[in-house]
Protein chains: 2
Amino acid sequence: MKTPAALTEQFRSQGLKITPQRVAVFDALHDNPTHPTAESVHSAVVARMPTVSLRTVYQTLNDLAEMGEISRLEVGTGSARFDPNVEEPHHHLVCESCGMVRDLHVEVAPDLGDDVPDGFEVAGAELVVRGRCRSCADKD
Amino acid sequence: MKTPAALTEQFRSQGLKITPQRVAVFDALHDNPTHPTAESVHSAVVARMPTVSLRTVYQTLNDLAEMGEISRLEVGTGSARFDPNVEEPHHHLVCESCGMVRDLHVEVAPDLGDDVPDGFEVAGAELVVRGRCRSCADKD
DNA sequence: TTTATTTCTAACAATGGTTGCAGATTGGGT
DNA sequence: ACCCAATCTGCAACCATTGTTAGAAATAAA
Ligand SMILES: [Mn+2]
Ligand SMILES: [Mn+2]
Ligand SMILES: [Zn+2]
Ligand SMILES: [Zn+2]
């Protein structure tokens with residue numbers, strides 16, 4: 001994801017308006033490695049601007065995802081996670097106990113070869129490695 | 001997943017009762033390669049037993065998943081998909097246009113090596129290949 | 001700066017998928 | 001056939017997300 005300043009520029013150049021609510025969402029996402037849910041982005045934003053609605057956070061997240069500035073992940077933890085790291089191709093590691101999501105910089109170059117039906121246009125592949133993180137394992 | 005007959009045996013041996021509703025769900029799943037949603041399992045069941053509730057279908061699917069007889073997939077198509085093929089380790093191919101899910105028998109042996117944080121217990125890895133199936137591509 | 005245009009926000013309602021609950025029903029051992 | 005724990009149904013509640021819209025705010029024009 002671009003910096004909040006660069007995003008401000010980009011939004012304006014597309015005829016979109018810069019509101020303090022949007023900037024607050026940009027700030028909450030910038031350099032955020034936690035793969036937050038919409039809810040947790042909202043919490044972070046509300047800490048500074050108590051009136052911002054969850055609806056507005058969703059709207060901005062969707063806008064950013066449509067522009068390709070963030071990506072939406074569905075890792076089976078109930079709600080979607082948002083990832084500002086779109087520059088660096090990577091996969092994910094998920095703790096099934098606490099829901100933590102971490103980047104996984106492994107190469108997955110499956111030889112899809114024969115098993116992809118003829119005519120299927122592959123757009124991308126995502127690997128999710130599941131397990132239990134250390135702090136969760138230590139808990140019992 | 002075991003055969004409906006074997007599941008009947010297994011349920012009984014665990015003190016669970018065999019009801020026609022449950023058997024209908026077993027039948028709907030047996031050798032079903034479509035990765036159905038709860039809703040579509042329900043449709044199939046209702047075709048033969050019109051009074052079976054969606055609640056009961058969910059209940060049985062959850063029971064089977066807990067026993068490891070089927071697996072629950074979250075591939076980002078809105079609702080969960082259920083997969084009776086737990087014998088053969090495999091991954092999935094998803095059409096982002098129509099929601100079709102197909103088995104993908106590729107080897108994904110990521111060298112997780114360095115990138116897994118110390119102490120993380122890996123339980124498994126799932127690859128989802130996304131794209132567009134032929135019939136969807138042909139449509140436009 | 002004032003006004004006009006256009007977009008955005010907040011609040012609330014609605015949706016789709018899934019689960020919790022209570023009371024009626026039933027499987028299966030006796 | 002009887003009994004009772006297990007199960008089923010129908011419905012309400014729940015959660016994550018999206019639709020709606022009137023009024024507020026940001027930008028453009030004057
Ligand atoms: Mn990531
Ligand atoms: Mn499968
Ligand atoms: Zn954990
Ligand atoms: Zn398709």
Side-chain angles (χ1 to χ4, degrees), chain A residues 4-5 7-28 35-43 45-46 48-67 70-82 99 101, chain B residues 4-5 7-28 35-43 45-46 48-67 70-82 99 101:
Chain A
L7 286 175
T8 293
E9 194 59 31
Q10 173 167 338
F11 267 58
R12 217 172 249 138
S13 80
Q14 298 192 12
L16 303 176
K17 303 195 170 173
I18 299 307
T19 65
Q21 291 90 338
R22 282 181 166 173
V23 175
V25 172
F26 298 166
D27 288 344
H35 305 84
T37 62
E39 197 77 50
S40 64
V41 171
H42 181 238
S43 297
V45 166
V46 156
R48 299 193 171 196
M49 284 191 65
T51 68
V52 178
S53 70
L54 181 56
R55 187 69 184 84
T56 294
V57 171
Y58 270 110
Q59 184 77 285
T60 306
L61 290 170
N62 289 343
D63 290 345
L64 287 169
E66 239 167 76
M67 292 179 195
I70 63 178
S71 68
R72 186 198 208 95
L73 309 177
E74 312 266 1
V75 290
T77 50
S79 39
R81 314 289 292 243
F82 295 87
V101 179
Chain B
L7 285 175
T8 293
E9 195 58 32
Q10 173 166 338
F11 267 58
R12 210 170 257 144
S13 80
Q14 298 192 13
L16 303 175
K17 298 187 173 173
I18 300 305
T19 65
Q21 292 91 338
R22 281 180 168 172
V23 175
V25 173
F26 298 166
D27 289 344
H35 305 87
T37 62
E39 198 77 49
S40 63
V41 171
H42 182 237
S43 298
V45 166
V46 156
R48 299 194 170 194
M49 284 191 65
T51 66
V52 178
S53 70
L54 180 58
R55 188 68 185 81
T56 294
V57 171
Y58 270 109
Q59 184 68 43
T60 306
L61 290 171
N62 289 343
D63 290 345
L64 288 169
E66 237 166 79
M67 292 178 194
I70 63 178
S71 68
R72 185 198 209 96
L73 309 178
E74 312 267 0
V75 290
T77 49
S79 39
R81 314 289 293 245
F82 295 87
V101 179

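Numbers restart at 1 for each chain; the letters A, B, ... are given by sequence-line order, proteins then strands.
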5'-most by nearest nucleotide on DNA chain C - B/Lys17 or B/Gly78: B/Gly78
Beyond-backbone contact of A/Val41 with A/Tyr58, side-chain heavy atoms, under 4.5 angstrom: no
Side-chain touch B/Leu54/B/Glu39, heavy atoms, less than 4.5 angstrom: yes
Contact interval (first through last nucleotide) of DNA chain D with protein chain A, 4.0 Å heavy-atom: D/dA16 to D/dT27
A/Thr51 side chain near C/dA10 phosphate (N/O to OP1/OP2, under 4.0 Å): yes
Check: B/Val52 main-chain N/O paired with B/His42 side-chain donor or acceptor under 3.5 Å: yes
Any A/Thr19 side-chain N or O less than 4.0 Å from OP1/OP2 of C/dC8: no
First of A/Pro20 and B/Leu16 reached from the 5' end of DNA chain C, by closest nucleotide: A/Pro20
By salt bridge (charged side-chain N to carboxylate O under 4.0 Å, His left out) - contacts of B/Asp63 (at least two apart): B/Arg22
Whichever of B/Arg55 and A/Thr37 has its nearest DNA chain D nucleotide further upstream toward 5': B/Arg55
Nucleotide C/dC8, atom C1' - distance to CD of A/Gln14 in whole Å: 16 Å
Sugar-phosphate, base or nothing in reach of B/Ser79, heavy atoms under 4.0 Å: sugar-phosphate
B/Arg12 CZ - C/dG27 P separation (whole Å): 11 Å
Heavy atoms from other residues, nucleotides or ligands near CD of A/Gln10 exceed 12 (cutoff 6.0 Å): yes
Gap between atoms CD and P, on B/Glu66 and C/dT19 respectively (whole Å): 11 Å
Euclidean distance, atom CZ of residue B/Arg22 to atom P of C/dT26 [Å, nearest integer]: 15 Å
Whole-Å distance separating the OH atom of A/Tyr58 from the C1' atom of C/dC8: 19 Å
Heavy-atom check, side chain of B/Ser40 versus side chain of B/Thr37, under 4.5 Å: yes
Atom-to-atom span, NE2 of B/His42 to P of C/dG17 - whole angstrom: 14 Å
Rounded interatomic separation in angstrom, taking CG from B/Leu54 and C1' from C/dT19: 11 Å
Non-hydrogen side-chain atoms of B/Arg12 and B/Ile18 separated by less than 4.5 Å: yes
Whole-Å distance separating the CD1 atom of B/Ile18 from the P atom of C/dT26: 17 Å
